[in-house]
Amino acid sequence: MIKTFLTMLTVLVTVTTNAQTNDSILVQEQKMQWFKDAKLGIFIHWGLYAVDGIDESWSFFNGYISHEDYLKQIQGFTAKKYDPNQWVDLIKESGAKYAVITAKHHDGFALWNTKYGNLNAVKSAASKKDVLTPFVEKLRDNELKVGIYYSLPDWSYLDYTHFTRDSIRYKISDEPKRWDTFLKYYHGQLKELSEQYNPDLYWFDGDWEHSAEEWQAQKVREMLLEKNSNTILNSRLKGHGDYATPEQGMPITRPKNKYWELCMTMNDSWGYQKTDQNYKTVDQIIGVFSDVISNGGNLLLDIGPKADGSIPEEQASLLKGLGRWVHKHHEAIYETVSGIPKEHFYGPSTLSKDKQILYLFVKGNPNGEVVLRGLKNNINRIWVVGQGAKLEHQVVGKVYWSQYPGIKYIKVPDHVLDENMTVLALLLDGEVDLYREDGAVIESN
Ligand code: GLC
């Protein structure tokens, strides 16, 4: 009797736990949906470092310049040409659906009117104004999602542990009260951000300097979600985030995390650096972007405005170049899911959500034809995305006595090619079905 009761109880508990897990997976999926569909975001690193054009925060941390001299840049942070309308127009033109701006980097300089300290754009910089609020407003006016980058470490704050690479102010175990002071400060700033801007996304950074317990990561997560249960947190909160953030290099294999975002600079710097002219080309950025979405991720492409608030010409023109391509090919980008394995098509691909349209991203000139292997579906129609032409295809190597579907050759004439990357849409006769069986043509059915 007791045994039966216990078994029933176990079953009940398992069912409820599973239901709860399914429930929270569903809730998580709903919350992450806009992010999953957005594909492209713009990262903005704007701060004191733009004045002299040096590494954001790291330049003093690593000892290339003294902290004192680093802070002198505050006199040059004028924001006098800052036009949030123009920023948002450019972001829209790029095709991005969200932006993430450095509200505060590791150097502690805040772009908003924080009541915590004086190191900010309003109280101590030449700008003498809050430069975050108008930007957030413009994003919202244009239905773009708002992302706030916030550095957990604050190397300028006197009660923070770390100062430079080789000088630490104190150890938490020696001065726990001092650490509490810092916790109040940083939690307080986050509260301000959440109350004033109610961000759609928080982009934390610098969690490596302390443990989850020390940061009180769980508490921070709860605090932010309490204000807005739909807000998304990136992974850099010591395991308390919603999505992974590989940096700079497109992962070679598909990331395991269901939600991920590659952050990448346009040249080799996050902030504006006059000496860094190593810009990627539009082709290269599109190449990385298509690889990212083909693998189910987002690209967070960085710009670094100048200290006066203007966006460097090179960066604006890359955003425009990317935007031309993204807008033309929007149907193959937004709201799609990751594509098919490379063995079937040697290039990036995406699929419509119902998996009945396969989009193939074709780099350069395929010399007349694109090859698709092991697709079991019949193709009802092929068209060139954003251009409209209907294309022919031929099936080669298909024999009636085998399941092997053969190779499909799609004829692509030169005149339909895009100047950066051509995208083909294939309307299939049902959900995509790939031949993944072992062996060659001869097999036993
Ligand atoms: C790194 C750096 C930081 C930069 C960030 C962007 O974590 O610390 O300077 O802002 O990457 O991803």
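Numbering of ligands and ligand atoms starts at 1, following listing order. FYI, side chains are in, hydrogens and waters are out, and symmetry mates aren't considered; it's all heavy atoms of this structure.
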Walk me through it: do Asp37 and Lys353 pass the test salt bridge (Lys or Arg N to Asp or Glu O under 4.0 Å)?
-> CA-CA 10 Å; Asp37 290 342; Lys353 276 191 186 156; 3.0 Å; yes
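- Seen from the ring of Tyr149, Lys104 does not count as a face-on cation partner, given the 6.0 Å and 45° thresholds.
- Cation-pi geometry between Lys138 and Trp87 is not met: the NZ or CZ atom fails to fall both under 6.0 Å from the ring centre and inside 45° of the normal.
- The immediate protein surroundings of ligand 1, defined as residues with any heavy atom under 4.0 Å of it, consist of Phe43, His45, Glu56, Trp58, His105, His106, Tyr149, Trp203, Asp205, Trp208, Arg236, Glu247, Cys263, Trp270.
- Comment: Asp180 does not engage Lys177 in a salt bridge, judged by the lack of any side-chain N to carboxylate O separation of less than 4.0 angstrom.
- By the 4.0 Å N-to-carboxylate-O rule, Arg236 lies close enough to Asp205 to be salt-bridged with it.
- Salt bridge status for Asp242 with Lys31: present, with a side-chain N to carboxylate O gap under 4.0 Å.
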